[in-house]
There are 2 protein chains.
Amino acid sequence: MSEKFKPVVTENKSRSERIVSQIKSLMFEGKLKPGDKLPPERELAEIMNVSRTSVREAIKTLSAMGLVVIRKGHGVFVEEANLGSVINKVGDALILKKEEIEQLFEIRKVLETQGARWAAERATKEERLYIDRLVSEAKEACQQSDIRVEVITNHDTIFHNAVIAASHNNVLGMVMGGLMEALMKVRAKTMKVPGRVNQSIIDHEEIARAIMARDGKKASRAMYDHIESVEKSIIRENATRE
Amino acid sequence: MSEKFKPVVTENKSRSERIVSQIKSLMFEGKLKPGDKLPPERELAEIMNVSRTSVREAIKTLSAMGLVVIRKGHGVFVEEANLGSVINKVGDALILKKEEIEQLFEIRKVLETQGARWAAERATKEERLYIDRLVSEAKEACQQSDIRVEVITNHDTIFHNAVIAASHNNVLGMVMGGLMEALMKVRAKTMKVPGRVNQSIIDHEEIARAIMARDGKKASRAMYDHIESVEKSIIRENATRE
DNA sequence: AACTTCGGTTGGTCATACCACATACCTATT
DNA sequence: AATAGGTATGTGGTATGACCAACCGAAGTT
C-alpha cells in the first residue's frame, strides 16, 4: 500500500498531552481559577474517558510547569500562572556547567548592581531600615564563636533578597530567584573559604550604608565589588576540585 | 507525643522525585550529555528497583522541564537545558499583568543593553557579518508591499537572538529566551502600530552598525533607545484596551 | 533494485490492586 | 465531659501485567 492512503489527520497529540491542553484551556478561559481544586484523578479519568494513568501523567506535566500543585491526601489545586511561578520552576530545570557559573556571575553583576541602585532610589523608609537591621544582626551573630555556616549563608540569601525586593521590580525578583536557586549548590561551599564570611558582612554593610543614604551610584558600585569578591572565592574553590 | 520524637530524616521525596534528581545529578556531573539516550523505561525500572510507573512519571517531569525529549519508538534523549523550553510549554496560560510588562522592559533594558555591549566587544567576525546581513535582508523585505507582519516579527526575534548569541554568554541567552517567550503575545501586536516596523528596522540598523564598529558604548546606547521605543509602543497599545 | 512484510524495540495506554497520607468522626478510656 | 485512640473514607503514589502504536531494520517478494 502506498504512502498516500494513510489517514490524513494524524492527530499527533498523545492523550496525556490532550488532557494537558484541555486543562490549560480551562485555566485560560477562567473556568479554573487559582486555588480551585481539580476533581480527583479517578473521577477525572472517568469524565474524560481515559485511564487514570493518562490523567496522572497530564497532572505530572502541569505540576512540572508550575500550573498546579499536588497535595498528597488532599488533591490537585490550580496555581496562579504568573511569570513568577513559571520562572521559579526554571531553577529546578537549570543545570549549571562549570563554565556557566562564570557567565551567571556576569549576569548577577548586571542585574544585582542595577537592583541595588533601584533599591537606593526607590526603597521605602521601612525597607531601608529593614536592610540596615539585617546587617547589624548578622554582624552580631558573626561574633559568636559557635556560629554555624548555615546561619551566615541564610543571612546572605535574605540580604540579597531584601535588596532586590526593595528595588520594586517583581520580575527582577523572579529572575534572580531562579538564578540563585541554580547557584545554591555551589554557593553553600563558598562561605567556608577562610575570611569569606567576614568579608561578606563588611561588603553588605557598605551596600546597606549606600542604600540608607539613597545613593544609587554608590550602592551599585558596592554591590558590584561585593559580587566580584564572592565570584573570586567561588571560582577559586571550584578550580581546586574536579 | 511531643514534637521531638518525630523521625529526624523525613526523606519526603517520592520515588519519581528521587529518580528525577538522580537523573539530573547524572546530567550535572556530565555522565549524561545532551544527545545521550537513556536506557529504556523497563530497563531503567529494573536497575533502580522501582516500577515502570515511577520511571515514567519521572521522565514525564523531566520532559516538562525540557531536560529530555521523548521520541516514541526510539527512546528518551537528553536535551540541552534551556530556560525557554519550560516557559514555552506554559505558553497560553501565561498572563502578564500590565505592571509586569513594565518591569519586564526595565529588565530588558538592563540585560539587552549589556548584551549589545558584549556583542560589540566579543563577537567574532562571522557573527558581526551575520547580524549585519540580517538587517539588510529585513530592510529589503520591508520594501515589498505585500509584506506580512509575521515576517517582521520573526526577523525581530532573530535579530535580538543573534545579538544575544554574539554576546558569548549562554546564561544570558537562556534568561532572555524565557523572558521573551513570556512577552511574545504582547509583542505580536506591537508591530501593527503604524510606523513601528520601519522604526524597528532603523533602530536595528543603528545597533548593527555599532556592533560592526566594535563600539560597545554605542551599541549599548542604541539598544537602550530601541527597547525604550518599543516599550512606548507596547504600553500605548495595551493602555487602549481593557 | 525497489517494494513489501514482519518481528523486535520502545514509548503510550489501560485495568486493577494495594500502599501512604490526611481528615473527620466515632469510640472507649480516663 | 474531655481526650486519646482507632476507624472509615477520600486522595494521591506505586506496583503489575497486559496490550496498543510508532519506529527501525532485516528478511522476503516482486
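Letters A, B, ... mirror the listed sequences (proteins, then strands); counts begin at 1.
Proximity note for B:V50 (side chain, C-beta onward) versus D:dA15, C:dC18, C:dC14: the nearest is D:dA15. With C:dT10, C:dG12, D:dT14 as the candidates, the nucleotide lying closest to the side chain of B:K37 is C:dT10. When the nucleotides C:dT10, C:dT13, D:dG12 are ranked by their closest atom to the side chain of A:S54, C:dT13 comes out on top. Minimum atom distance to the side chain of B:H74 is reached by D:dC23, of the listed C:dC14, D:dA15, D:dC23. Nearest to the side chain of B:K72, among D:dA22, D:dT14, D:dG12, sits D:dA22. Here the nucleotide nearest the side chain of A:R15, chosen from D:dG13, C:dT13, C:dG12, is C:dT13. The side chain of A:T53 approaches C:dA15 more closely than any other nucleotide in the set C:dT10, D:dA15, C:dA15.
With hydrogens and angles left out, the side-chain atoms of A:K72 and B:S14 include no donor and acceptor closer than 3.5 Å.
Take the nearest nucleotide of DNA chain C for B:V76 and for A:V55: the residue whose nucleotide is more 5' is B:V76. The 5' end of DNA chain D is approached more closely, in terms of each residue's nearest nucleotide, by B:S51 than by the other of B:R42 and B:S51.
Annotation: B:E46, atom CD; neighbour count of heavy atoms from other residues, nucleotides and ligands within 6.0 Å does not exceed 12. Around atom CD of A:E29, more than 12 heavy atoms belonging to other residues, nucleotides or ligands sit under 6.0 Å away.
Between B:H204 and B:F159, the ring planes are parallel. Angles under 30° get that label, and only those over 60° would be called perpendicular.
Rounded to an integer number of Å, the gap from B:E41 CD to C:dT9 C1' is 12 Å. A:E46 has its CD atom 15 Å from the C1' atom of C:dC14, to the nearest Å. Going from atom CZ of A:R56 over to atom C1' of D:dA15 covers 12 Å, rounded to whole Å. B:E43 places its CD atom 11 Å from the P atom of C:dT9, with the value rounded to the nearest Å. In this structure, A:I19 places its CD1 atom 10 Å from C1' of C:dT13, rounding to the nearest Å. In this structure, the CD atom of A:E57 is 13 Å from the C1' atom of D:dG13, given to the nearest Å. Rounded to whole Å, atom P of C:dT9 lies 14 Å from atom CZ of B:R52. Taking atom NZ of A:K60 as the reference point, atom C1' of D:dG13 lies 8 Å away to the nearest angstrom.
Not a single donor-acceptor pair under 3.5 Å links the side chain of A:S167 to the backbone N or O of A:V163.
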